[in-house]
Each structure stands twice: as C-alpha cells, then as structure tokens.
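Structure first, then comments.
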Amino acid sequence: MSLVSIKNLAVAFQTRKGEVNAVRGVSLELERGETLAVVGESGSGKSVTSYALMRILDRGGRIKAGDVTYSGIDLRKATERAMRDIRGREISMIFQNPRSALNPIRKVGDQIANVLVQHRIATRQTAKAKAIEAMEAVRIRDAEQRYSAYPFELSGGMCQRIVIAMALACEPRLLVADEPTTGLDVTTQKTVMDLVADLIKERGLSAILITHDLGLASAYADRVVVMQNGVIVEEGASEMMLVRPHHPYTQKLVAATPRKGAGVRDLLPEEARTPLPDKRPVGAPILQVRRLRKTFGAGANAVEAVKGVSFSIGEGESVGLVGESGCGKSTTSSMVVRLLDPTSGEILFRGDDLATIPASRFTRDKRRGGIQMVFQDATDSLNPRHTSARSIEDPLIRLSTLSRAERAAKVAETAALVGLPEHLLSRFPHQLSGGQKARVGIARAIVLEPQLLILDEPTAALDVSIQALVLNLLVDLQAKLGMSYLFVSHDLGVVRLLTDRVIVMRGGEIVEEGATADVMDRPSHEYTKSLIEAVPQPRMIPAEPLSANAAAG
Amino acid sequence: MAAPGRLKVIGSRLLQAIPVVIGVIIVTFILTRALPGDPAVYFAGTIADEESIQEVREALGLDKSMPEQFFYYVGDLLRGDLGTSLMTGLPVAEELGRRLPASLELTLVALIISCAVAIPLGILAATRPNSLADHACRVLVTAGVSLPTFFTGLVLIYVFYYVLGWAPPPLGRLDFIFLEPPRVTGFFLIDSVLAGDWETFWGAAKQLVLPAVTLALFTLAPIARMTRAAMLQSLSSDYIRTARAAGLNGRTILYGYAFHNAMLPVVTTLGMVFSFTLGANVLVEKVFAWPGIGSFAVDALVASDYAAVQGFVFVMAILFVALNLAIDILYTLIDPRIGFDAA
Amino acid sequence: MSDAALTPPRQRGALSHIGYVLRSNPVTMVAFGLLGLILFVGVFGPAIAPYDPLASNAANALQPPSAAHWFGTDNLGRDVFSRVLVATRLDLIISVAAVALSFVIGSVLGALAGYYGGIADKVVSRALDTIMAFPLFVLAMGIVAAMGNTIENIIYATAIINVPFYARVVRAEVNIRRDAGFAQAAKLSGNTDWRVLALHIFPNALPPLMVQVSLNMGWAILNAAGLSFIGLGVRPPTPEWGIMVAEGAQYIVSGEWWLALFPGLALMLAVFTFNLLGDGLRDMVDPRMRT
C-alpha cells in the first residue's frame with residue numbers, strides 16, 4: 001500500500017467573482033521512501049494540492065470531491081483533532097519565503113518548542129533542550145544561542161533551516177516541501193536543497209517536492225508529475241520526463257527550461273523555432289563606465305554599495321551583469337540608466353560624460369531617449385491608471401516632437417514589433433497577463449529607439465514558458481534595432497543564453513569578466529564557480545530533448 | 001540581547017517626546033498671545049474697564065516683545081502657573097487639578113468597557129466570517145463612528161432615566177445624598193473602596209455607568225475595526241500556515257500567534273482612540289453635568305475665561321502626549337523588532 | 001493637453017464605470033441615494049420647509065409630533081421639521097468647506113514630504129506631529145476660542161485638525177510609490193520630478209484617499225456640530241443640528257424627546273451616509289476595479 005493516495009481530488013475556492021476550481025480531479029500515489037516532485041507554473045494547483053493533503057487550505061477553499069488517504073487513514077473524514085496530530089507528527093511541511101513563514105515576534109527556538117510540546121514529544125521542562133537538538137540536527141551551529149533569536153535577526157537561509165528543524169522535530173514520515181528555495185539567494189538555494197535531500201535520505205523519509213523548476217525537480221526527485229490548470233498532464237520517472245516528455249505542455253515546459261548547450265531558440269516549442277537572426281558584429285564602445293562609485297549615507301553609517309567599477313559595452317553587444325542580491329549590480333545599473341547619481345566616476349555614453357548631469361536634470365536631456373530600461377517587475381513598472389497605449393506613448397509625449405497622429409502610429413508600430421495585439425492597447429495593466437505586461441514594458445522602453453537598453457531581471461517574475469518567449473523577443477529586437485544590452489540578472493542560465501560577455505559582481509566590485517562561454521565553462525574566480533555550481537543540475541537533461549513524436553517517427 | 005536595545009529605545013522615545021512638548025508649548029503660546037486682537041482684553045474678561053485691562057497687560061507681560069513674552073510664558077508653565085480663572089478667581093492649575101480625576105476616571109472606565117467589548121468582538125468577527133458576530137461587528141463599526149456622542153448620551157438618558165427609571169438623574173459624579181469619599185486618588189470608585197464605603201461605591205458606579213457607556217460606544221468602532229482587520233491580516237499570514245502545518249492547536253494559533261501579532265496595530269490605534277476619547281469627553285461631561293475639566297472648559301468658553309480655556313488645552317495636550325508615550329513604550333515591550341531598526 | 005487623444009473614450013469609460021460600481025454594490029447605491037437626498041435638502045431646504053424656521057409661536061410651544069408639525073415644535077413654538085431641513089445647508093457648507101481645505105493643504109504637504117523626503121519630510125512631519133499631539137477636538141476648541149467665535153473660524157479649526165489625516169495618507173501612499181517601477185519608468189520617459197509626482201504618483205494615491213475623504217466628511221460634520229453643541233460658532237436662533245440638540249437637551253429629562261431627537265437623527269444620517277460612501281468612491285477612482 002502506498003503511503004499517500006490521492007484520488008480525483010477537486011478543490012474549489014469561493015471568491016468574489018464566484019467559485020474558482022483550483023484543482024480538478026488530481027490522482028497521485030506516493031510510495032514509502034520515495035521523493036515525488038509536483039511541477040507546474042503559477043496557478044497550476046500544485047501548492048493547493050499539498051495544502052488539501054494537510055487540510056490547511058486558505059480561507060474560502062474546500063475539498064469538493066475525491067479521496068485523500070495517508071497510510072490507510074482517510075484524511076477527509078478525520079476529525080480536526082486527529083488531523084492536528086497528523087500534521088507535524090506524521091506529515092510535515094516546509095514553505096517558500098522562510099522569513100515570513102516564521103512568527104516574527106516569537107523566538108525561533110520557542111516556535112520549535114511549541115511544536116514539540118504540542119505533539120507531546122517534550123514537556124515544558126525538556127522542550128528547550130529538545131528544540132536545540134532539533135536545530136543541531138539541521139546543522140545549525142551555535143544552536144543554543146540561535147534559540148533566542150527572532151526571525152528578523154537571521155538570514156533567509158538560516159530561517160529556512162529553522163523551518164526545516166520545526167518540520168522534522170517530531171520525526172514525521174512524510175515531508176512536503178513547497179517551493180523551498182523560492183525567496184533565497186542562488187548559493188543558499190543549493191545549500192538548502194542539499195540539506196533537505198540529505199535529511200530525507202538520512203531519515204528514510206518520503207517526500208513531496210513542489211516546484212516550478214523542472215531542473216530542480218529532476219535533480220532531487222525520483223518521480224515527477226506535471227500539473228497544468230488543476231490537472232495532472234503527465235507523470236513519470238524524473239529522467240524520462242526530461243528526455244521523452246509526452247504531453248505537449250510538458251514538452252513546452254521542458255523546452256523552455258534553460259540548460260547547458262541549448263540556445264535561446266531551443267526554449268521555444270519546436271513549431272515556433274524560426275531561424276536565429278544573424279548577429280551583427282560588435283562595434284565601437286557605446287558606453288564606458290570608469291571607476292564608478294556609490295556610497296549611501298554618510299559618516300559611520302555610510303555603505304559603499306559600488307566600489308569603483310569600470311567596464312564598457314560595444315555597439316550591438318550584450319553584456320551580462322551577474323551577482324547575488326546586495327552585490328551592487330542594481331545600483332550600478334540605476335546609475336548607468338541615470339536614475340541615480342554616482343558618488344564619483346564617469347559614465348561615457350557615446351563619448352559624453354553623463355555622470356556630470358544630475359539625474360533630476362537628465363530627464364529632460366535630449367540624450368534621455370538613448371538609454372532606456374526594462375524593469376524587473378512588469379506589474380510594478382506600469383502605471384495602474386494608464387492603458388497600454390498611454391504607457392507606450394508616454395516617452396513620445398515627453399521626449400519627441402511627433403504629432404498626435406504620428407505618435408499613435410508609432411505606438412501601433414512598436415506594439416506590433418513586440419507582438420502585442422492591437423486590441424490590448426486599450427487595456428489597463430490589471431487586465432493583462434504577466435507576459436503581456438512584459439511586452440508593454442519592452443515596447444515603452446524601445447519606442448524612442450534607444451541605443452542602449454538596460455534589462456533589469458526582465459524575466460524574474462515570469463513563468464518559464466513566458467520567459468522563453470520574452471527572451472526570444474529580446475534577441476529578435478536586438479537584431480532588428482541594433483541596440484546594445486546590459487542584462488542584469490542573478491540567473492546564470494538565462495544570462496548564458498542572451499549575452500556575449502559577462503561581468504560578475506560581488507560586494508560592489510567586479511570579480512570576473514570575460515566572454516560568456518569562457519566564464520561559464522572555465523570560471524577563474526571561486527565565487528563565479530560557486531554561482532555556477534548552485535544552478536541545479538538535472539540528472540540527465542539533453543540539449544535537445546526528444547519529443548515523443550520525434551522518438552516515434 | 002534584546003534588553004539593552006529596548007531600554008535604549010524607551011530612552012529615545014522619551015527624548016522624542018521633548019520636541020513634541022516644545023511644539024505643544026509653541027502652539028498654545030500662539031493661541032494665547034500671538035493671534036490678532038488684544039489678548040489683554042480677552043484675559044481681563046468682558047466686564048473689565050480700561051484700568052484692569054492695563055493691569056492684566058502688565059501682569060501677562062504683553063507690553064514686552066514676543067520672544068520675551070514667550071520666555072515669560074515658558075517660565076510660568078514651568079512653575080505650574082496657568083494664570084487665574086476669571087470665573088472662580090482661583091489659579092487655573094488648581095481648578096484643573098481638582099477636576100482632573102473626575103475626567104480621568106470617566107475616560108479610563110469608558111476605555112476599559114470599550115476594549116472589553118471591542119477586542120473580543122473583533123476577534124470573533126475575524127475568526128468566524130459571516131457569523132452573527134461578524135455582522136454585528138460590521139454594523140457596529142459603520143454605525144458606531146456615525147454616532148454623535150452628545151446625542152447618544154441624550155438618548156441613553158431619555159431611555160434609562162426618563163422612561164425606564166433605572167439610571168440616577170444625570171447630574172454629576174455622586175447623588176447629593178452621599179458624601180464624597182475621603183480623597184486619596186480622586187477616583188471615587190477607588191477612594192470609596194479604600195474607605196470601605198460600599199454604598200458610596202455603588203452610588204458612584206451608578207452615576208458613572210451612563211456617561212462611561214456613552215463614551216465607550218464612541219470608541220468601540222475604531223477598536224473593533226482595527227482588531228478585526230489586524231486579526232484577518234495575521235490569520236492569513238504565512239506563519240499561521242506554518243503553525244497549522246506543524247499541528248499546533250487552534251487556541252495556540254489564535255492567541256499565541258495570531259492575536260499576539262494583531263495586538264501591534266491595535267495598540268497603535270489606541271493612540272488615536274485616546275485623542276477621540278479626550279475630545280468626546282468634553283461633550284459627554286457637558287451632557288451629564290460631570291464635574292471634570294471638560295465641563296469646566298465649556299463653562300469657561302461661555303464665560304470668555306481665556307486663561308482657563310488655554311490652560312485646559314495645554315493640560316489635555318500634555319496628558320495626551322503622556323498617554324502616547326505610554327503606548328509607544330507598551331509597543332516596544334510587545335514587539336521585539338523595535339530595538340533594532342532604531343539602533 | 002497632450003493626452004487629449006485618449007480622453008473621449010476614457011470619459012465614456014469613466015461614466016459607465018461609475019454606473020458599474022453603483023450597480024455592483026447595493027450599499028454604495030444606498031449611500032449615493034442618501035447623498036442625493038441630503039444634497040437636495042441642502043439646496044432646496046428653505047424652499048420646501050413648511051414653516052418659517054425662525055417664526056416663534058408661544059401658544060404652540062413644546063407640542064409633540066403631529067400631522068401639522070411632523071417633528072413637533074420647540075420651546076418657542078418653532079417647527080422642528082422646518083428647522084432640521086433648513087439646517088442641512090449650513091452643516092454641509094461647514095463640513096464641505098473644511099474637508100476641501102484640509103484635502104488640498106494635506107495633499108500638497110503630504111505629497112511633497114513623501115516624494116522629496118529629507119528636510120521637507122522632517123519639517124512637515126514635525127508640524128503634523130505637533131497638531132496630532134493635541135486631542136483634536138480640544139485643539140479645535142482652543143483655536144475657535146483664540147481666533148474668535150465665528151462660523152468661518154469653526155471651518156478653519158476643523159480644517160486644521162483634519163490636515164494631518166490627509167497629509168499622512170498621501171505621504172505614505174506617495175512614499176511607497178516613489179521608487180515604484182512605473183515612477184522610474186516615467187522619469188526615463190522624460191517626465192520631470194513634479195510631473196512624475198503630479199501625473200503618475202498622486203493619481204494612484206487617490207483610491208485610499210477617497211476612503212479618508214468620506215470618513216473625514218462625517219467626522220467634520222460631527223466635529224462642527226460638537227463645537228456648536230458646546231456653544232461655539234453658530235449662535236441661536238440660527239438653525240443648526242448641533243445647537244438644536246443642545247437646546248433640546250434640557251427638555252430630555254422632562255420627556256420632550258423630539259426637540260433633540262430629530263436634529264440628532266439628521267446628524268447621524270448625514271455622518272452615516274458619508275461613512276458609507278467611502279468604498280464606493282474608492283472603487284470609482286480605482287481603474288483596477290474595471291473589468
């Protein structure tokens with residue numbers, strides 16, 4: 001008998017707009033000692049399925065139909081009291097964004113102790129000692145001191161260890177990990193995932209890993225199920241899933257996952273793969289940054305975010321700026337795009353030093369249109385009160401001399417260029433999907449035909465399949481318009497696809513710089529190596545996944 | 001490791017109150033001296049002749065320059081001199097000091113009543129959406145803020161005194177058949193207990209019920225609304241899901257986790273509620289002929305007794321600053337994060 | 001206007017959007033219906049009042065409500081119904097003027113403080129803190145006492161004590177959007193700082209501000225009525241709700257309830273209406289509510 005058996009599970013949420021069916025007839029089995037990954041994009045119902053298993057659905061959600069059994073116990077019929085004994089004792093869960101998953105105003109050790117006392121593993125007297133043991137078990141050093149810390153005093157990785165310690169404190173048999181690496185830095189992600197994998201092995205746990213990342217799933221799970229719109233579309237052993245995906249959605253998802261050896265076009269579904277445009281030769285430097293420095297605050301509280309960096313970007317070149325959060329890459333790009341004034345240094349754009357012009361004055365400069373930016377979060381970067389057309393038109397209103405009719409024509413032309421259907425032009429941001437918003441943001445950035453475009457993690461908030469489309473769009477636009485790109489990202493897999501050269505930053509300094517292929521394959525700096533190693537390596541992911549059709553044919 | 005941080009924060013909160021007090025002094029100074037018109041005429045009262053106006057002018061130092069006047073004003077305040085009341089001929093500070101306990105007793109009892117009702121109601125409404133408590137809470141929150149205190153007071157008097165005859169006549173703190181208890185705190189409820197005089201205690205309590213309920217009705221709405229909103233927010237937080245997934249029982253989650261976090265915004269709201277209460281206090285005291293500083297100020301207003309009115313404004317502001325300080329310090333004690341963002 | 005090209009369709013959209021908001025929420029519909037009634041009485045009150053609100057008739061004093069005098073008569077024999085109707089205009093003028101003043105002053109101060117931060121923020125915040133350091137009704141009493149006992153001064157006093165509410169909401173709303181992507185994008189599009197503030201950031205602060213406006217309208221009415229209840233501002237025999245309740249108060253203990261009840265109910269109804277308006281107003285100025 002399998003440990004968990006879910007049959008025809010249906011979950012619905014009562015919302016203001018009526019009932020929404022988040023999960024529509026999902027069936028899956030989990031064997032003892034097995035690690036199962038549930039993969040899907042946002043809204044696929046993967047997390048809801050796991051919440052239903054533990055019966056901790058958010059307000060308004062309810063299990064409409066189906067059977068959920070754990071080790072022979074019918075979880076749908078179990079009393080709330082029985083469920084409480086199962087949660088944390090038999091089935092435990094760890095979450096994304098660990099910092100917010102912990103009670104902000106309670107000592108982390110006490111939170112673990114609460115769970116131990118609840119499940120009568122410890123008494124009030126022994127709880128502290130047991131909690132410290134649980135913390136040590138997840139390799140927390142100085143557990144005794146950390147016991148009295150509050151979540152805000154700990155790093156994200158440490159918070160996740162606490163959450164894991166809490167989950168495993170009562171020695172459950174099943175661990176459900178819901179996007180456990182989301183909200184953590186790249187190198188921390190790797191450490192946390194390896195820790196979870198070790199603990200699963202060590203204790204012989206069964207596990208369900210919920211993730212949007214097929215690479216992560218295949219690296220850590222025995223078996224993978226793929227969900228889309230509340231149903232399971234495919235299920236199989238993890239290595240087979242990547243090599244021979246059967247369902248078109250899985251094929252799309254597998255294709256869209258960035259991987260070693262695959263080009264940007266390989267991310268698209270086969271039928272959409274047009275030939276890659278010819279790469280223009282890189283011309284003379286269009287941007288030269290010299291000894292750029294930024295210090296925030298003054299006196300004892302001064303923080304030097306960028307410590308004198310120098311680099312250049314040639315005409316038509318794509319340069320990646322890579323590093324973890326806090327490395328100074330965003331500060332650097334803000335200065336280059338002239339939203340932020342540097343403390344010292346030069347920003348030569350086609351020979352003119354723009355650093356001497358204050359950011360507040362540069363907005364009206366005639367060179368303003370030459371440097372534009374695509375923002376990280378498309379939702380946040382569009383004015384909620386402006387239609388798509390108005391957003392795209394805004395730069396033209398302020399910085400061009402075009403008449404109203406000419407502006408409208410230009411907006412339509414640019415929208416066509418980024419693949420935004422005309423009927424979407426009259427919509428407000430909240431009426432657009434994530435991918436559509438990203439296109440509006442790109443259209444606005446290129447409507448003035450800039451020579452340099454700064455891309456600030458433009459796909460970070462997007463699902464992989466949308467990311468694939470946007471990345472390809474960016475490649476095509478560059479070929480058509482001859483822009484130079486400064487691509488700011490923490491995601492090496494994406495940077496590899498899009499850039500000619502890459503600059504690695506850490507602690508406000510450049511630690512490595514070189515042709516993308518060289519840096520990726522033969523990193524010289526230790527830090528670069530650790531960044532590259534942190535990208536989950538799927539067990540066997542070919543550059544060109546065979547589709548079921550191809551295999552059959 | 002949190003303790004020194006917190007002490008530091010409490011110290012810095014105390015320091016932050018200083019500019020606020022200076023601001024209060026400047027504003028009251030402007031209200032008394034710097035506005036158009038001749039303050040001497042105001043302070044001397046409506047029946048004063050030319051000579052007494054001149055006397056007042058010299059006594060207040062109004063013949064001096066503004067900075068000098070400010071200097072004298074601050075000096076007077078430091079000595080506790082708020083001027084002399086025209087109505088009674090006694091120092092304003094003494095008049096206010098004598099009446100303050102009556103106002104404080106009313107305000108505190110009202111706040112206790114309103115917290116005792118509003119917080120459980122807010123919690124119930126948040127934990128049982130669409131239940132009776134939730135609907136009651138919603139009605140109360142919308143209707144409660146629409147109630148003019150002076151009007152609710154009158155309605156309560158009509159119903160409970162005139163129609164039902166349950167309440168004593170709305171005339172002050174104690175019916176004349178009782179003797180005031182010997183003054184220790186100035187709070188009749190406490191003083192009568194200290195004196196072991198239970199009859200007086202009940203007499204005082206009966207007088208207090210209607211005005212306190214009137215005032216409490218007014219403050220119920222903001223507290224209930226905030227409690228409900230804060231509970232809803234903390235109940236939908238990620239850490240509640242973690243706690244549920246760990247199998248903690250409902251009570252621990254509700255009180256140990258959700259309510260504890262929800263208290264933070266509720267405590268912050270209390271500051272605003274105090275402001276409303278102290279203001280509404282004036283109206284309630286007038287309606288119930290309550291011998292506190294509010295009804296004193298209203299009488300002073302009608303009699304154009306400026307020193308008394310301005311003294312009242314100043315005392316109320318200082319009282320309010322002190323209450324806010326107490327709230328800040330309470331907040332610091334509940335929220336461990338406070339000691340660190342300030343440091 | 002440079003964006004005039006887009007205005008006509010948007011205006012049509014705005015009207016139908018208002019219709020949509022009204023239809024989708026019955027509470028909003030009721031609130032706007034009541035608002036219409038109050039405005040109507042405010043404008044036409046003196047014309048539709050059955051009696052002269054100031055005409056006393058000693059023979060007919062303290063009569064309970066009847067067919068001739070719906071709300072009864074007061075101690076001077078004046079018709080309470082007529083006085084309640086006529087009072088609407090004065091109460092509305094005081095509260096609308098006060099809220100309009102504090103809205104404008106508070107928005108400007110809050111926007112500058114929230115956008116520029118630094119010294120501007122410190123000065124504005126300090127000034128607001130000083131106002132908020134007083135129990136607000138008490139401060140209003142002090143201001144009216146010092147500036148003189150007139151209706152204009154009631155308006156100024158009510159406006160001053162409301163400024164911090166608007167300024168704080170606007171400051172917070174502007175501040176969280178100061179570095180929002182769309183504000184930065186607007187700068188890259190060539191908008192100067194003040195344009196970013198006035199055309200991009202401030203309009204997005206409107207929805208929460210509308211809730212504040214509606215709550216404050218109610219509060220301003222209560223406040224003004226409270227001041228006149230304790231004898232400030234409006235003087236008898238002018239009909240005004242607060243002063244009518246005050247005049248009726250002394251008759252409550254002898255059972256003549258109608259003198260205070262009807263003006264009190266009118267006051268409550270007005271405040272209640274404005275409090276209900278909040279969500280509807282917010283939805284109307286929020287494009288995200290459009291479908």
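So you know, we letter chains A, B, ... as the sequences are listed, proteins then strands, and number each from 1.
A/Thr363 is not listed as a side-chain neighbour of C/Asn191, based on a closest heavy-atom distance of 4.5 Å or more. The closest side-chain heavy-atom distance from C/Lys187 to A/Arg338 is not below 4.5 Å. Contact of the A/Pro384 side chain with the C/Asn204 side chain is registered, since non-hydrogen atoms from C-beta on lie closer than 4.5 Å. Side chains of C/Ser189 and A/Arg444 form a contact here, defined as non-hydrogen atoms less than 4.5 Å apart. The side-chain heavy atoms of A/Arg398 and C/Arg195, taken from C-beta on, include a pair separated by under 4.5 Å.
Formation of a donor-acceptor pair under 3.5 Å by the A/Arg364 side chain with backbone atoms of C/Gly190 is found in this model. In terms of modelled atom types and a separation under 3.5 Å, the side chain of A/Asp380 and the main chain of C/Gly181 share a donor-acceptor contact.
Both the backbone and the side chain of A/Asp394 come within less than 4.5 Å of a heavy atom in chain C. Looking at A/Leu339, the atoms closer than 4.5 Å to chain C (heavy atoms on both sides) all sit in the side chain, from C-beta outward.
Contacts of residues 366-375 of chain A with chain C at a heavy-atom distance below 4.5 Å involve A/Arg368, A/Gln372, A/Met373, A/Phe375, listed in sequence order.
Around atom CD of A/Glu19, more than 12 heavy atoms belonging to other residues, nucleotides or ligands sit under 6.0 Å away. With a 6.0 Å radius and a threshold of 12 heavy atoms from other residues, nucleotides or ligands, C/Phe32 has its CZ atom above the threshold. Applying the 6.0 Å contact sphere to CZ of A/Arg361 captures no more than 12 heavy atoms from other residues, nucleotides or ligands.
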>> Could you go through A/Val337 and C/Gln184, starting from their C-alpha distance and side-chain angles, then the distance that decides it, and tell me whether this counts as side chain to side chain contact (heavy atoms under 4.5 Å, CB included)?
In response: CA-CA 10 Å; A/Val337 81; C/Gln184 297 196 335; over 6 Å; no
